[in-house]
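Here is the structure we will look at.
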Amino acid sequence: MKVLYFAWLRERVGVPEEEVEVPAEVRTVSELAAFLRAKGGGHAHAFDNPAVVRAALDRKHVKPDAPLGAAREIAFFPPMTGG
Amino acid sequence: MSDSPPADDLFGVRVQAEDFDAAAEIAALAQGRTDIGAVVTFSGLCRADVKDGLPLAALHLEHYPGMAEAEMERILYEARTRWPLSGGRVVHRFGRIVPGENIVLVVTASPHRGAAFAAAEFLMDWLKTSAPFWKKEERPGAADDGAWVEAKDADDDAALRWGSPSA
């Protein structure tokens, strides 16, 4: 699955995107965040407070309990500050 | 045949690095039209704020290409379902923007002013909380040489007072 990071999550992880092999037992957005956090290093730093991380599946906002389903792309980012 | 431009020209969103010209956007929207009684424009500019005595040198706007446009389209469509709009434009810039420069533009047109005012405010409120853009400060002399702008609860409250957009 293609995983994208924006703003300070991108800076902490160290790359804007990566291809991640998602294990079968990882079924939801929050489970994927926990899986990525467990990689340690920059990933652990990026997800050290999962409550402030937002996500989009195939470019649509989703809640943490959303199933990954057949989505091809997921993005993690902080609350938006445009406008 | 109608004298109005094709429907696709009446509503649109753009994400771009370059500046925009609010007057030109209004002209493009209203050109050749006689059904528009009100045009409201909102321009968001980069403000020269000072934190701990250090002035802001610039904002760096990051966005999620593809999703940013999609969200702006979705919000604009939502506005069209709520108010009788004759046209609408939303333009958001990305990249390095210095104080005094434009960041975002919303233009709404309708037969009467009430809808144009309300829709413009709705569009800005929802843009701020759901369009995937992030601002980083460039503040020379700061400990980290700049920080990511934090989202404000007040912005969420402003968006929520309109009720949730239909998914």
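All chains are named by letter (A, B, ...) in the order of the sequence lines, taking the proteins before the strands, and each is independently numbered beginning at 1.
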For residues A:Trp8 and B:Lys136, determine if any side-chain heavy atom of one lies less than 4.5 Å from a side-chain heavy atom of the other. no

Under 4.5 Å from any heavy atom of chain A, what part of B:His60 do you find: side chain, backbone, both or neither? neither

Would you say A:Val53 and A:Leu36 are hydrophobically clustered, going by side-chain heavy atoms of ILVMFWY under 4.5 Å? yes

Verify the neighbour count for atom CZ of B:Arg161: are there more than 12 heavy atoms of other residues, nucleotides or ligands below 6.0 Å? yes

Less than 4.5 Å to any heavy atom of chain B: does that hold for the side chain of A:Glu17, its backbone, both, or neither? neither

same_hphob_cluster(B:Met124, B:Val13) at 4.5 Å side-chain heavy-atom cutoff: yes

More than 12 heavy atoms of other residues, nucleotides or ligands under 6.0 Å from CG of B:Asp52: is that the case? no

If you count heavy-atom pairs under 4.5 Å between each of B:Gly44, B:Ala131, B:Ala68 and chain A, which one has the most? B:Ala131

Look at A:Lys60, A:Arg54, A:His61 and state which one has the largest set of heavy-atom pairs under 4.5 Å with chain B. A:His61

Taking the basic N atoms (NZ, or NE/NH1/NH2) and the acidic carboxylate oxygens, is any pair closer than 4.0 Å for A:Arg10 and B:Glu62? yes

Does B:Phe117 CZ have over 12 foreign heavy atoms under 6.0 Å away? no

Check for me, please, whether B:Val104 and B:Phe94 land in the same ILVMFWY cluster - side-chain distances under 4.5 Å, paths through other members count. yes

Using only atom types and a distance under 3.5 Å, with no angle test, would you say the side chain of A:Thr81 pairs donor to acceptor with the backbone of B:Ala151? no

Under 4.5 Å from a heavy atom of chain A, the part of B:Glu150 involved: backbone

To the nearest 0.5 Å, what is the distance between CZ (A:Phe6) and CH2 (B:Trp148)? 10.5 Å

Should the ring pair B:Trp134 and A:Phe77 be called parallel, tilted or perpendicular, given that the plane angle runs from 0 to 90° and is split at 30 and 60? tilted

If you measure from CG on A:Leu4 to CE on B:Met67, what distance do you get to the nearest 0.5 Å? 11.0 Å

With the 4.5 Å side-chain cut-off for hydrophobic clustering, are B:Leu127 and B:Trp162 part of the same group? yes

Salt-bridged, B:Glu69 to A:Arg59, with N to O below 4.0 Å? no

Please check if atom CG in A:Asp65 has more than 12 non-hydrogen atoms from other residues, nucleotides or ligands closer than 6.0 Å. yes

Without swapping roles, check the side chain of B:His92 against the backbone of A:Gly82 for a donor-acceptor pair under 3.5 Å. no

Who among B:Lys135, B:His63, B:Lys152 has the most heavy-atom pairs with chain A under 4.5 Å? B:Lys135

If I measure from the heavy atoms of chain A, does B:Ile103 come under 4.5 Å with its side chain, its backbone, both, or neither? side chain

Can you tell me if B:Lys128 uses its side chain to pair, donor with acceptor, with the backbone of A:Met80 under 3.5 Å? no

With a 4.5 Å cut-off on side-chain heavy-atom distances among I, L, V, M, F, W and Y, is there a chain of contacts connecting B:Val15 to B:Tyr77? no

